[in-house]
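Written out below as structure tokens is the structure these notes cover.
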Amino acid sequence: MQVAKARDVGVNSIVLFPKVPDALKTPTGDEAYNDYGLVPRTIRMLKDKFPGLVIYTDVALDPYSSDGHDGIVREDGVIMNDETVHQLCKQAVAQARAGADVVSPSDMMDGRVGAIRGALDDAGFQHVLIMSYTAKYASSFYGPFREALDSNPRFGGKNGSYQMNPANYREALVEVHEDESEGADILLVKPGLPYLHIIRQIRDNSPLPIAAYQVSGEYSMIKAGGILKMIDEEKVMMESLLCLRRAGADIILTYFALQAARCLCGEKR
Ligand code: PBG
């Protein structure tokens, strides 16, 4: 199992992203807070087997949405912010109830960090942390992930409404102040490498730990380059991670976690 392999090389934190059967997807994504759904069941199973494992979860409706969006969509295409936040609170509490250590809202709805903090506290989960996707850009680097999950939006993009425009730089600071005041514990920037200066900007403007997410497109490009023998995959992988660290990331989410940890342990592939 991947988690046992990861722990063998010192990786003790994981993030769970579900692939949900189409039959369970609805416009309001109610499967997201089913206590017996895939994510809560997986958390319980993992905590049972590896009590010391640190489990991060994703809080967003897209894997459960028949529209492929992170939020509930009105007939005219408008994303319903507050109705979505209501669902996200239930989703986060269900994940905490199952044993999640850190819930990570990746949806970019307004006001969701404060609302989730309140819902967790009310349910007795004051100790559960929130890693907020503070600066999540509407990026084409998410392509392979959406392909794998079959979560491409059925219509419209995710920009203009909730994800940030890749041309915006200062807007990240507005999001930082909102997330800090709403009680976020960790701030995340996504994607990673093309947005290094956003990581640095946030590092220089917030005392909170910063996470960087090296996304599926970044990972795939390095992999493909390696397979085509155009680049030295291992060296480029380690350099890309080093650059995220240099920019100011305290935490890195990467599909290279195992490979990089093995490399750091001196193991040859
Ligand atoms: C959305 C979500 C996305 C990813 C994970 N969760 C982005 C999106 O589809 O808009 C992408 C991660 C990746 O590309 O590795 N909640």
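As the structure lists them, so they are numbered: ligands from 1, and atoms in each ligand from 1. Numbering of residues begins at 1 and proceeds along the displayed sequence. Being a predicted model, the structure only gives us computed values, none of them experimental.
- Residue Tyr219 does not touch ligand 1, judged by heavy-atom distances below 4.0 Å.
- Listed here is the closest heavy atom pair of Gln201 and Arg170: NE2-CA, 4.1 Å.
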Go through it in stages, so that I can follow the logic: the residues are Asp204 and Arg200, the test is salt bridge (Lys or Arg N to Asp or Glu O under 4.0 Å), and I'd like the CA-CA distance, side-chain angles, deciding distance and then a yes or no. CA-CA 6 Å; Asp204 290 343; Arg200 170 53 53 188; 3.1 Å; yes
Side chain to side chain contact (heavy atoms under 4.5 Å, CB included) evaluation trace for Tyr255 with Ile222: CA-CA 11 Å; Tyr255 302 101; Ile222 297 175; over 6 Å; no
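- Remark: ligand 1 atoms within the under-4.0 Å shell around heavy atoms of Ala60 are 16 (N).
- Of all the heavy atoms of Ser216, the ones lying under 4.0 Å from any atom of ligand 1 are found in both the backbone and the side chain.
- The only option from Glu218, Glu233, Glu234 that meets the salt bridge (charged side-chain N to carboxylate O under 4.0 Å, His left out) definition with Lys223 turns out to be Glu233.
- In the vicinity of Arg146, heavy-atom distances shorter than 4.0 Å reach the ligand 1 atoms 8 (C), 9 (O), 10 (O).
- The 12-atom threshold is not exceeded at CE of Met230, counting heavy atoms of other residues, nucleotides or ligands nearer than 6.0 Å.
- Of the options Gln214, Lys136, Glu218, His69, the smallest heavy-atom separation from atom 7 (C) of ligand 1 is shown by Lys136.
- Atoms of ligand 1 found under 4.0 Å from any heavy atom of Ser106, numbered from 1 in the order shown, are 1 (C), 16 (N).
- Counting heavy atoms closer than 4.0 Å to ligand 1, residue Val215 contributes atoms from both its backbone and its side chain.
- When each atom of ligand 1 is checked for a heavy atom of Asp70 under 4.0 Å away, the hits are 1 (C), 16 (N).
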Take Thr28 and Asp30 through the test side chain to side chain donor-acceptor pair (under 3.5 Å) and record every step on the way to the result. CA-CA 6 Å; Thr28 48; Asp30 299 296; 2.8 Å; yes
Using the rule given for side chain to side chain contact (heavy atoms under 4.5 Å, CB included), can you reason through Gln95 versus Asp58, listing the C-alpha separation, both sets of side-chain angles and the distance that settles it, and then say yes or no? CA-CA 9 Å; Gln95 294 169 346; Asp58 184 47; 5.8 Å; no
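- Each of the atoms 12 (C), 13 (C), 15 (O) of ligand 1 lies under 4.0 Å from some heavy atom of Tyr255.
- Close approach of ligand 1 to Asp62 is summarised as follows: ligand atoms under 4.0 Å from at least one heavy atom of the residue are 1 (C), 2 (C), 16 (N).
- The ligand atoms of ligand 1 that sit less than 4.0 angstrom from a heavy atom of Lys190 are 2 (C), 3 (C), 4 (C), 5 (C), 6 (N), 7 (C), 11 (C), 12 (C).
- Residue Asp107 does not touch ligand 1, judged by heavy-atom distances below 4.0 Å.
- Scanning all heavy atoms of the two residues, the minimum distance from Val215 to Tyr142 falls at CG1-CE2, 3.7 Å.
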